[in-house]
J.: 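First, the structure itself, so that you have it in front of you.
What you see is a predicted model; the values in this text were computed from it and never measured. First listed ligand is number 1; within each ligand, the first listed atom is number 1.
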Amino acid sequence: MSQQRWGVVGGGVLGMTLALWLRDRGHQVTLLEASDHLGGLAAPWELGDVVWDRHYHVIVNSDAHLLALLDRLDLSGDMRWVETRTGVASGGKVYSVSNTLEYLRFPPLAMTDKVRIAWTIVYGSRVRDWRRLEGIPVEVWLRRHSGDQAFERFWLPLLRSKLGDNYRHTSAAFIWATIQRLYAARRSGLKKELFGYVKGGYANIISRFTAALTSAGVEIRVGAPVTTVRRDGNEVLVAVAGESLGFDRVVLTTPAPLTARLVPDLTTEETETLRNVEYQGIICASMLTYDGLSGYYVTNITDPAPFTGVIEMSALVDRGELGGRHLVYLPRYTSGDDDVLTMTDAEIEEMFLGGVKRLFPEFDRSSVLAFMVSRQPHVFPVPHVGYSGRVPAMEASIPGVYVVNSAQILNGTLNVNETLQLAARALPILAGEVGYEPALLERPVPPLVPA
Ligand SMILES: Cc1cc2nc3c(=O)[nH]c(=O)nc-3n(C[C@H](O)[C@H](O)[C@H](O)COP(=O)(O)OP(=O)(O)OC[C@H]3O[C@@H](n4cnc5c(N)ncnc54)[C@H](O)[C@@H]3O)c2cc1C
């Protein structure tokens, strides 16, 4: 294989990983990112005087690809594992459901419901072939295994919190993938929960990753919004900020509907497939406070609330990392028709703080030091029943153009490990080396042709 000039569009974790691997294979690589920084959804931001992830991120011990990446970036020594607790806000109270005993005591559910829910989780964790579940609506599957009452009281609020009304079209593969990931955080069955983070958060990971790309020789261009990707003769031309860059091959890692707009010469069928991928978005507020709320890393909410969960990052991360303060995320997963999308940040802050006060009556607004709102329209594709039959292809009909993005993650549990796994599936196609599997990112693959 000879050296090729590659353009990688999108500098999130996916684009960064593909850029590094393609460079490992000896290619000349340019990474093009629209914003002024790399990292995409995993990028950090400044909240008051604290720099931490713009969106909450945890690592579980089954994140093999991610742990291998951290190893390659020399960050394994910065990993911290912490036993965390989980709460449920239900009927005006917040209960701890952090271990089996507490779960069995959880008053809002009848004992028969609890047993059936536990059975559903254990059964789900043992299913190996998720494709069997992809043809079954999640509601049908959960009612079958947990019963109607447990579905209405327990599963439905959780499904709505992540998927809104889209839960009606979602397949059981979604709950399977969620169970698999959460189960992996529990060391043994339904006992204790162990989550991890890297010292310094994703700011540390992204900055090391950027340094690794630079020292490998990847050309990084931030503030480079790509407007079109077209084939012209022997080249693929990428229009970016008034310039036209020529490459042998280009891979787009941008969300599917954006990708459809960037590549105008795709066939009608390709364009429609990309456009028809329905994404859940998010409004994710970050709040820095003097006082904590509950000490649970996650509080699931079954009562009506303006946000769909509470993530208290300071219950996981050493508060020394956060200047001694508490960091709380208030996520609200949204679809295109959510009225909140038209609200200003100040209105969202007012509404969310009111919701916090209702859930945690001790909460004092004067304890809030900083409050910021992130809006992301494209977080994960809704895993509709039969979704794997409608996934966009990685190799486009235009020679030299490839499409690799979150729409190719099939069961709705978007996380960095899945993103890296997607990159590992894509690379043999991009590199044109059938059967080549990048070994869990742990070591740079010796270049076939030095660049
Ligand atoms: C609220 C939330 C919570 C999460 N929690 C976790 C967690 O606990 N654990 C975990 O492992 N993962 C978590 N994730 C998922 C994780 O962040 C994603 O898996 C990962 O960041 C996806 O990376 P990506 O590169 O595929 O997409 P993105 O990060 O979306 O990257 C796409 C990039 O393309 C760029 N772009 C767009 N248009 C253009 C253009 N025209 N030209 C050039 N560039 C362009 C964008 O600016 C962006 O940087 C969470 C995500 C969110 C939103």
Side-chain angles (χ1 to χ4, degrees), residues 7-19 30-44 53-60 62-67 69-70 84 162 178 181-182 184-185 195-198 201-202 205-206 209 220-229 238-241 245 250-263 279-286 297-298 307-309 311 313 316 329-334 373-381 403-409 412-423 426:
V8 178
V9 181
V13 173
L14 181 56
M16 294 172 84
T17 306
L18 290 174
T30 303
L31 180 59
L32 300 161
E33 164 57 38
S35 73
D36 61 2
H37 56 265
L38 296 183
L41 295 174
D53 311 355
R54 186 186 180 108
H55 308 109
Y56 51 95
H57 280 79
V58 282
I59 300 172
V60 298
S62 62
D63 283 349
H65 290 262
L66 175 53
L67 294 174
L69 171 67
L70 297 178
T84 53
K162 195 96 192 255
T178 307
R181 185 165 167 81
L182 291 184
F195 282 136
Y197 70 97
V198 168
Y202 264 82
I205 301 177
I206 298 299
F209 206 161
I220 299 171
R221 295 183 61 165
V222 292
V226 169
T227 47
T228 51
V229 175
V238 174
V240 49
L245 308 174
V250 170
V251 54
L252 296 105
T253 68
T254 41
L258 277 180
T259 305
R261 287 209 292 275
L262 294 180
V263 195
Y279 275 81
Q280 280 298 100
I282 198 168
I283 286 177
C284 187
S286 296
Y297 173 65
V298 177
F307 34 78
T308 51
I311 315 289
M313 192 49 78
L316 169 71
Y329 293 89
L330 303 168
R332 176 185 177 114
Y333 283 91
T334 58
V373 177
S374 170
R375 300 163 189 257
Q376 301 292 338
H378 300 112
V379 177
F380 63 91
V403 170
V404 180
N405 61 42
S406 48
Q408 291 147 346
I409 293 176
T413 50
L414 180 75
N415 55 68
V416 171
N417 196 60
E418 284 279 353
T419 298
L420 298 176
Q421 239 171 303
L422 171 66

J.: Quick check against the 3.5 Å criterion: does Glu33 have a side-chain atom that pairs as donor or acceptor with the backbone of Ser35?
T.: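 Here the side-chain-to-backbone pair exists.
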J.: Show me which atoms of ligand 1 lie under 4.0 Å from any heavy atom of Ile282.
T.: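 Those of ligand 1 that fall under 4.0 Å from Ile282 are 1 (C).
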J.: How about Tyr329 and Met313: do any of their side-chain heavy atoms sit closer than 4.5 Å?
T.: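 In contact.
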J.: Would you confirm whether Thr253, through its side chain, and Asn405, through its main-chain N or O, come within 3.5 Å as a donor-acceptor pair?
T.: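 Flag not set: sc Thr253 to bb Asn405 has no pair under 3.5 Å.
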J.: Are Ser374 and ligand 1 in contact, using a heavy-atom cut-off of under 4.0 Å?
T.: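 Flag not set, Ser374 not near ligand 1.
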J.: For a 4.5 angstrom cut-off between non-hydrogen side-chain atoms, does Ile59 reach Val198?
T.: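 The answer is yes, as the side chains (C-beta and beyond) meet within the 4.5 Å cut-off.
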J.: Please write down residue, atom name and distance for the protein heavy atom closest to atom 38 (N) of ligand 1.
T.: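 So the nearest neighbour among protein heavy atoms is Thr254 CG2, 3.4 Å.
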J.: Report the nearest protein non-hydrogen atom to atom 25 (O) of ligand 1: residue, atom name, distance rounded to 0.1 Å.
T.: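 For atom 25 (O) of ligand 1, the nearest protein heavy atom is Leu14 N, 3.0 Å.
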J.: For atom 30 (O) of ligand 1, what is the nearest protein heavy atom, given as residue, atom name and distance?
T.: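 Result: Leu41 CG, 3.5 Å.
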J.: Under 4.0 Å from a heavy atom of Ala224: give me the atoms of ligand 1 that qualify, with their elements.
T.: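 Atoms satisfying the 4.0 Å criterion: 42 (N), 43 (C).
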J.: Please tell me if the side chains of Val9 and Thr254 come closer than 4.5 Å, counting only heavy atoms from C-beta onward.
T.: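 Side-chain contact under 4.5 Å: yes.
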J.: For atom 35 (C) of ligand 1, find the nearest protein heavy atom and state the residue, atom name and distance (0.1 Å precision).
T.: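 Here the closest protein heavy atom is Glu33 OE1, 3.2 Å.
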J.: Tell me, do Val416 and Asp63 make a side-chain contact under 4.5 Å, heavy atoms counted?
T.: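 Of all side-chain heavy-atom pairs linking Asp63 with Val416, none is under 4.5 Å.
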J.: Check whether any side-chain heavy atom of Val250 sits under 4.5 Å from a side-chain heavy atom of Val238, and report yes or no.
T.: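 Yes; the side chains approach each other to less than 4.5 Å.
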J.: Any non-hydrogen atom of Gln376 lying under 4.0 Å from ligand 1?
T.: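 Flag not set, Gln376 not near ligand 1.
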J.: Decide whether an N or O pair under 3.5 Å exists between Val9 and ligand 1.
T.: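 Val9 vs ligand 1: no N/O contact under 3.5 Å.
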J.: Looking at ligand 1, does Ser406 have a heavy atom less than 4.0 Å from it?
T.: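 It does not; every heavy atom stays at 4.0 Å or beyond.
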J.: Using a strict cut-off of 4.0 Å, indicate which atoms of ligand 1 neighbour a heavy atom of Val379.
T.: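 Every atom of ligand 1 under 4.0 Å from some heavy atom of Val379: 53 (C).
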J.: I want to check something: taking the side chain as every heavy atom from C-beta on, are Leu14 and Thr17 in contact at a cut-off of under 4.5 Å?
T.: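 A side-chain contact is absent here, since even the closest heavy-atom pair is not under 4.5 Å.
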J.: Quick one: which ligand 1 atoms are inside 4.0 Å of a heavy atom on Gly10?
T.: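 Matching atoms, with element in brackets: 33 (C), 34 (O), 35 (C), 44 (N).
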J.: Hey, does Val404 have a side-chain heavy atom less than 4.5 Å from the side chain of Leu422?
T.: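 Touching, per the 4.5 Å side-chain cut-off.
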J.: What residue and heavy atom of the protein are closest to atom 19 (O) of ligand 1, and at what distance?
T.: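 Scanning the protein heavy atoms, the shortest distance from atom 19 (O) of ligand 1 goes to Thr419 OG1, 2.9 Å.
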J.: Could you work out, for atom 2 (C) of ligand 1, the closest of Gln408, Gln280, His55 by heavy-atom distance?
T.: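 Of the listed residues, His55 has the closest heavy atom.
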J.: How far is atom 4 (C) of ligand 1 from the closest protein heavy atom, and which atom is that?
T.: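 In this structure, atom 4 (C) of ligand 1 has Tyr56 O, 3.2 Å as its nearest protein heavy atom.
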J.: Tell me if the centroids of the rings in Tyr279 and Phe380 come within less than 6.0 Å of each other.
T.: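 Between Tyr279 and Phe380, the centre distance exceeds or equals 6.0 Å.
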J.: Please identify which atoms of ligand 1 are closer than 4.0 Å to at least one heavy atom of Gly40.
T.: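 The atoms of ligand 1 under 4.0 Å from a heavy atom of Gly40 are 29 (O), 48 (C), 49 (O).
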J.: Please list the nearest protein heavy atom to atom 16 (C) of ligand 1 with its residue and the distance rounded to 0.1 Å.
T.: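 Protein heavy atom at minimum distance: His57 NE2, 3.4 Å.
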J.: So which of Ile59, Leu32, Val58, Asp53 gets nearest to atom 8 (O) of ligand 1, if we judge by its closest heavy atom?
T.: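 Ranked by closest heavy atom to atom 8 (O) of ligand 1, first place is Val58.
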J.: Show the atoms of ligand 1 that are less than 4.0 angstrom away from any heavy atom in Val416.
T.: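 Result: 10 (C), 11 (O), 12 (N), 16 (C), 19 (O).
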J.: Does some non-hydrogen atom of the protein lie less than 4.0 angstrom from atom 41 (N) of ligand 1?
T.: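 When distances to the protein are checked, atom 41 (N) of ligand 1 has a heavy atom within 4.0 Å.
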J.: Please identify which atoms of ligand 1 are closer than 4.0 Å to at least one heavy atom of Pro225.
T.: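 Heavy-atom distances to Pro225 below 4.0 Å select 42 (N).
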J.: Is there a donor in the side chain of Ser374 and an acceptor in the side chain of Arg54, or the other way round, less than 3.5 Å apart?
T.: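 Yes, Arg54 and Ser374 have a side-chain donor paired with an acceptor closer than 3.5 Å.
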J.: Does some side-chain heavy atom of Leu31 sit less than 4.5 Å from a side-chain heavy atom of Met16?
T.: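 Of all side-chain heavy-atom pairs linking Leu31 with Met16, at least one is under 4.5 Å.
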J.: Can you pull out the closest protein heavy atom to atom 44 (N) of ligand 1? Residue, atom name and distance to 0.1 Å, please.
T.: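 The protein heavy atom lying closest is Ala34 N, 3.1 Å.
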J.: Among side-chain atoms of Ser406 and Gln408, is any donor-acceptor pair under 3.5 angstrom?
T.: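 Not at all, the side chains of Ser406 and Gln408 share no donor-acceptor pair under 3.5 Å.
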